[in-house]
Undergrad: 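If you scroll down you'll find the structure; I have some questions about it.
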Number of protein chains: 2
Amino acid sequence: MSSSEISAATVGRLPAYLRALIELAGDESATVSSDHLAELVGVNPATVRRDLASLRITGTRGVGYDVKYLVFEISVELGLNQEWPVAVIGAGNLGRALANYAGLTERGFPIRCLFDTDQAKIGTEVAGIPVRHLDDLAGTVAELGIAVGVIATPADGAQEVADALVSAGIGSILNFTAHPIIVPDRVVVRRVDIATELQILSFYQQRGVGTSTGTGVPLEVR
Amino acid sequence: MSSSEISAATVGRLPAYLRALIELAGDESATVSSDHLAELVGVNPATVRRDLASLRITGTRGVGYDVKYLVFEISVELGLNQEWPVAVIGAGNLGRALANYAGLTERGFPIRCLFDTDQAKIGTEVAGIPVRHLDDLAGTVAELGIAVGVIATPADGAQEVADALVSAGIGSILNFTAHPIIVPDRVVVRRVDIATELQILSFYQQRGVGTSTGTGVPLEVR
């Protein structure tokens, strides 16, 4: 299926559906209604039905959706039927926090290497993950089959690191700095900007409007 | 203005507009066209015009929008005409990374206190910010006027911390754990889930579709 048929908003909700469905599967639920799935994820049922329909998944009237089938289909859509080895650039507090977060490996994104330019850190390990010099990036990407680069450096180094990741052949970048990066069209970038998340919180708080959303993606305001 | 007139997707884009506009203001640009602002943020011009119209801001044909006026209006919409003091729960790697991130103070979200339950950390400072015991949360929130709580603990403690934040009167929570939290409707929650961001990257990468988005919010797929 061409991704052009699936909206960015739908893609942004797929991880939340998947997480809810995996919990349902663990609870031995065989089927789920769009109403129940909607409630678990915090969107409305029509959105669930529309999102799943865009993946060409339809439920059975009066029965709902098959949980295991949904888990399988959404996992395949998200590319989770394979591992995506990750390299983290920057072995500071954030890089170390990521290295210590076992949830990434469980979810198919094992961190294989950290990179830094501080000689005192090169050759050490963080949570069993080696720290190498940024100069060794290209060789390591090839050697370890790195698919995703995470930029966890100070903001003023972000573009230089992005250029190095692109040169090394990386196709996906997660940028944790406040600095937007410019990459060729073939490279996929997501940015996690904490100040942006806080600004969205303050928008709602000053209005006294509660809104519980799943994951940095504004799913829907309740 | 009631926030019900402004969609969650629009709210999600306001921080990106603001960041681009602040850069333009720094470059001495007096006006900006919707085309140029759209290009800077990575959305299409019609989206920019629609978003700004929902804030009741209209440009002048052939001239565009007044940059300083836009900065002011969007800042007010986002509640950035005041400070939002932040407490971070969890003084581990992630909490320390946040404490060391000066960008938050610059952008109106100063971290005033860290909380932990590890006695070895209580009474210490991280980047000049005191670490207190979680038992002192309610008193500290009142004392320091804390408006936002950031959950940077292991996932299995997320709900307990959320309950404590709500009890202490916090109205906005940023949850960095993989665990969704349940809060009363009046409390605003955002979650930054790194695995979700990586899953969205893998969706696009397996399709070979490049998409550069601003900030954890899927603005628009190009």
Side-chain angles (χ1 to χ4, degrees), chain A residues 3 8-9 11-12 14-15 77-80 84 92-94 96-98 100-101 103-104 107 109 147-148 155 171-172 174 178 180 183 185-218 220-222, chain B residues 3 8-9 11-12 14-15 77-80 84 92-94 96-98 100-101 103-104 107 109 147-148 155 171-172 174 178 180 183-218 220-221:
Chain A
S3 64
V11 174
L14 294 182
E77 289 292 340
L78 287 171
L80 304 180
W84 298 87
N93 283 308
L94 178 57
R96 289 204 299 274
L98 292 167
N100 278 291
Y101 177 31
L104 293 183
R107 290 162 84 176
F109 299 92
V148 180
S172 290
L174 184 56
V183 297
D185 278 349
R186 67 183 162 75
V187 178
V188 193
V189 175
R190 299 276 300 174
R191 191 158 108 207
V192 177
D193 179 10
I194 295 153
T196 291
E197 297 300 326
L198 291 169
Q199 288 176 359
I200 293 170
L201 281 177
S202 63
F203 173 92
Y204 289 109
Q205 181 160 351
Q206 72 167 349
R207 284 162 174 76
V209 181
T211 169
S212 301
T213 67
T215 169
V217 179
E220 275 176 7
V221 181
R222 283 195 247 176
Chain B
S3 65
V11 174
L14 294 182
E77 288 293 340
L78 287 171
L80 304 181
W84 298 88
N93 283 309
L94 178 57
R96 289 204 299 274
L98 292 167
N100 278 291
Y101 177 34
L104 294 183
R107 290 162 84 175
F109 300 92
V148 180
S172 291
L174 183 58
V183 296
D185 277 350
R186 67 182 162 77
V187 178
V188 195
V189 176
R190 299 278 299 176
R191 192 158 107 210
V192 177
D193 181 9
I194 295 152
T196 291
E197 297 302 324
L198 291 169
Q199 288 175 359
I200 293 170
L201 281 177
S202 63
F203 174 92
Y204 290 109
Q205 182 160 353
Q206 73 167 347
R207 284 165 173 75
V209 181
T211 170
S212 301
T213 68
T215 169
V217 179
E220 275 175 8
V221 181

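Keep in mind that this is a model prediction, so the values were computed, not measured. Just so it is clear: chains get the letters A, B, ... in the order the sequence lines come, proteins before strands, and each one is counted from 1.
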Undergrad: Quick check on the interface: out of G171(B), A97(B), S202(B), A155(B), who has the most heavy-atom pairs with chain A under 4.5 Å?
TA: S202(B)
Undergrad: Between E77(A) and Q199(B), is there a side-chain heavy-atom distance shorter than 4.5 Å?
TA: no
Undergrad: Does any heavy atom of chain A fall under 4.5 Å from the side chain of A147(B), the backbone, both, or neither of them?
TA: both
Undergrad: Select one option (side chain, backbone, both, neither) describing which atoms of L201(A) are under 4.5 Å from chain B's heavy atoms.
TA: both
Undergrad: How far does CD of Q206(B) sit from OG of S172(A), to the nearest 0.5 angstrom?
TA: 10.0 Å
Undergrad: Tell me, side chain or backbone of L94(A) under 4.5 Å from chain B's heavy atoms, or both, or neither?
TA: both
Undergrad: Kindly give the heavy-atom pair with the smallest separation between R107(A) and D193(B), and that separation in Å.
TA: NH2-OD2, 3.3 Å
Undergrad: Taking all non-hydrogen atoms of both residues into account, name the closest pair between A195(A) and F109(B) and its distance.
TA: O-CE1, 4.3 Å
Undergrad: Assess the residue pair Y204(B) and V11(A) against the criterion (side-chain contact (heavy atoms from CB on, under 4.5 Å)); give the C-alpha distance rounded to whole Å, side-chain angles, the decisive distance to 0.1 Å, and a yes or no.
TA: CA-CA 9 Å; Y204(B) 290 109; V11(A) 174; 3.6 Å; yes
Undergrad: Only one of I194(B), L198(B), I200(B), T196(B) forms a side-chain contact (heavy atoms from CB on, under 4.5 Å) with R190(A), so which one is it?
TA: I200(B)
Undergrad: To check you understand the geometry: which heavy-atom pair defines the closest contact between L174(A) and E197(B), and what is its length?
TA: CD1-CB, 3.8 Å
